[in-house]
Amino acid sequence: MSGGVDSSLAAALLKKEGYNVIGLTFRMWPKEECGSSAGRACCNLEAVTRARAVAEDLDIPYYVFDFSEEFKREVIDYFCGEYLKGLTPNPCVVCNEKIKFSLLLEKAKSLGCEYIATGHYANISKSKKTGRFLLKEGKDKSKDQSYFLFSLKQEQLKHILFPLGAITKARTRFLAKGFKLKTHNTVSSQDICFIQDLNYADYIMKKTGIKIKPGDIVDLNGNILGRHKGIPFYTIGQRRGLGVAYSEPLYVTGIDMKMNRIVVGTKNDMLKTGLAADRLNWIAVEGINKPFKTLARIRYNAKKAKAVVSKSAGGAVKVEFDDPQSAPTPGQAVVFYDKDVVVGGGWIKESN
């Protein structure tokens, strides 16, 4: 229970269905930061207070676990480390895999729980043909979170319930109001929930103590066009904040860590015909032995694109798009779908 409307309604619906429900919240903030981390962040002091109040109204037990050390190690250190390597991380995926549906699931089991339920907009079913647990998109396509869940394993999926998978966000708020939940009109938490007042680069400098070095902004031919503030201030596809005058809009098309350069180009220069991905996780299948057609999503808010996925060396895959896609970004996830079913996914290494 994060203190928001989604997890609050998930608890209410499950209790109504006859489940024995326990409310769990994990604190990801160090104690010295917990009180100051307000606003739209999930699991801060204000959010915990809301979650506890909902649990009291539902008459269910409620526990708060301190995962601040684990969260720093698994999520924050990963986030900072990826940016310092010139990659664009996806901490929500890592948090789901390593914290919510791993560490928190183990805590739930220690309390005698059989399942962990959250307010994610996604669905889980079991294939009659293969016996594998399947991850599917939620009914509300505008809120679907299956992309962020692609790295979950079979052993995790078998212990997960998504009570909101079959309803829309609007329906969630309507039902929450009907249950008289105090959280029915709370705003949604932001994407990077652990960063509040600082931009990403400033946050990284604060957390790591590393001084970020400025460098050159160059075009595709290596001509110097300007200066950048430091690589963590930029990501592939970025347009704003370049400070370079040109005859047409420029975008970040590449990051050269070795030379400490940001490479820029036009909108057409961002179009890529394919990508390479590694650290694959397969959900609907055990693995792949031959190329297969799929719908690939290269970022959370991107439309799914027709593509062919084939094996390559070292357990990686090659993804070839039917039509070029804009700015596949190293460090981000690529997730493969068969209609609404998540076949699997991996982490983008490079694009071509």
Ignoring hydrogens and angles, state whether a donor on the side chain of [X] or [Y] is under 3.5 Å from an acceptor on the partner side chain.
{"X": "S68", "Y": "D66", "value": "yes"}
{"X": "T88", "Y": "T235", "value": "yes"}
{"X": "T168", "Y": "Y121", "value": "no"}
{"X": "Y62", "Y": "T25", "value": "yes"}

Please report the shortest heavy-atom distance between [X] and [Y], naming the atom on each side.
{"X": "A307", "Y": "A296", "answer": "CB-CB, 4.3 Å"}
{"X": "G23", "Y": "M1", "answer": "CA-SD, 3.5 Å"}
{"X": "P328", "Y": "S351", "answer": "O-OG, 3.7 Å"}
{"X": "A166", "Y": "N123", "answer": "N-OD1, 3.8 Å"}
{"X": "L134", "Y": "I283", "answer": "CA-CG2, 4.4 Å"}
{"X": "M257", "Y": "K85", "answer": "CG-O, 3.3 Å"}

Under 3.5 Å, is there a donor-acceptor pair between the side chain of [X] and the main chain of [Y]?
{"X": "Y63", "Y": "K107", "value": "no"}
{"X": "H159", "Y": "E114", "value": "yes"}
{"X": "D144", "Y": "D140", "value": "no"}
{"X": "S102", "Y": "I99", "value": "no"}
{"X": "H120", "Y": "L164", "value": "no"}
{"X": "Q156", "Y": "E97", "value": "yes"}
{"X": "R279", "Y": "A316", "value": "no"}
{"X": "E74", "Y": "K72", "value": "no"}
{"X": "Y246", "Y": "G265", "value": "no"}
{"X": "R173", "Y": "T186", "value": "yes"}

Roughly how far, to the nearest 0.5 Å, is the [atom2] atom of [Y] from the [atom1] atom of [X]?
{"X": "L24", "Y": "C113", "atom1": "CG", "atom2": "SG", "value": "6.0 Å"}
{"X": "R297", "Y": "Q325", "atom1": "CZ", "atom2": "CD", "value": "11.5 Å"}
{"X": "I116", "Y": "T118", "atom1": "CD1", "atom2": "OG1", "value": "7.5 Å"}
{"X": "Q238", "Y": "Y251", "atom1": "CD", "atom2": "OH", "value": "12.0 Å"}
{"X": "E350", "Y": "T329", "atom1": "CD", "atom2": "OG1", "value": "13.5 Å"}
{"X": "D219", "Y": "L225", "atom1": "CG", "atom2": "CG", "value": "5.0 Å"}

Practice item. Would you confirm whether the ring centroid of F150 sits within less than 6.0 angstrom of the ring centroid of W347? Key: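 Yes, the ring of W347 comes within the 6.0 Å limit of the ring of F150, centre to centre.
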Are [X] and [Y] side-chain neighbours, meaning at least one heavy-atom pair lies under 4.5 Å?
{"X": "T266", "Y": "T253", "result": "no"}
{"X": "D256", "Y": "N260", "result": "no"}
{"X": "F292", "Y": "S310", "result": "no"}
{"X": "I212", "Y": "I231", "result": "no"}
{"X": "S326", "Y": "M270", "result": "yes"}
{"X": "Y78", "Y": "P89", "result": "yes"}
{"X": "D323", "Y": "F321", "result": "no"}
{"X": "L275", "Y": "V334", "result": "yes"}

Point to revise | Quiz item: cation-pi between R27 and F65, 6.0 Å / 45° | key: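 No, R27 does not lie over the aromatic ring of F65.
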Point to revise | Test: K304 cationic atom under 6.0 Å from Y337 six-membered ring centre, within 45° of axis | key: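 The answer is yes; both the distance and angle limits are met.
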Point to revise | Presence of salt bridge, E286 and R132, under 4.0 angstrom | key: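 Answer for the salt bridge query: yes.
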Point to revise | Side-chain ion pair, K141 and E137, N-O less than 4.0 Å | key: yes
Check your understanding: side-chain contact (heavy atoms from CB on, under 4.5 Å) between I288 and V317: does it pass, once the steps are laid out?
Key -> CA-CA 10 Å; I288 62 167; V317 296; 4.1 Å; yes
Exercise for review: Before giving the answer on side-chain contact (heavy atoms from CB on, under 4.5 Å), spell out for Y234 and L242 the whole-Å C-alpha distance, their side-chain angles and the decisive distance to 0.1 Å.
Suggested key: CA-CA 9 Å; Y234 305 87; L242 297 180; 3.9 Å; yes
Check your understanding: Could you walk me through whether L161 and L14 pass the side-chain contact (heavy atoms from CB on, under 4.5 Å) check?
Key -> CA-CA 9 Å; L161 299 175; L14 289 173; 4.2 Å; yes
Taking [atom1] in [X] as the centre, count heavy atoms belonging to other residues, nucleotides or ligands within less than 6.0 Å. Is the count above 12?
{"X": "K153", "atom1": "NZ", "answer": "yes"}
{"X": "D322", "atom1": "CG", "answer": "yes"}
{"X": "K109", "atom1": "NZ", "answer": "yes"}
{"X": "K349", "atom1": "NZ", "answer": "no"}

Point to revise | Criterion salt bridge (charged side-chain N to carboxylate O under 4.0 Å, His left out) against D57, the qualifying member of K15, K182, R50 | key: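 Of the listed residues K15, K182, R50, the salt bridge (charged side-chain N to carboxylate O under 4.0 Å, His left out) partner of D57 is K182.
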Going hydrophobic residue to hydrophobic residue with side-chain gaps under 4.5 angstrom, can you get from [X] over to [Y]?
{"X": "Y83", "Y": "I262", "answer": "no"}
{"X": "V342", "Y": "Y300", "answer": "yes"}
{"X": "I348", "Y": "V263", "answer": "no"}
{"X": "I236", "Y": "L84", "answer": "no"}
{"X": "I160", "Y": "V93", "answer": "yes"}

Aromatic rings [X] and [Y]: how do their planes relate, parallel, tilted or perpendicular, breaks at 30° and 60°?
{"X": "F79", "Y": "Y203", "answer": "perpendicular"}
{"X": "F336", "Y": "W282", "answer": "parallel"}
{"X": "F162", "Y": "F101", "answer": "perpendicular"}

Exercise for review: Could you go through the side-chain contact (heavy atoms from CB on, under 4.5 Å) check for V319 and V308 one step at a time?
Suggested key: CA-CA 6 Å; V319 181; V308 175; over 6 Å; no
Review point. Should K207 and D77 be marked as a salt bridge (charged side-chain N to carboxylate O under 4.0 Å, His left out) after you check the CA-CA gap, both sets of side-chain angles, and the distance that decides it?
Key: CA-CA 9 Å; K207 286 294 181 182; D77 289 352; over 6 Å; no
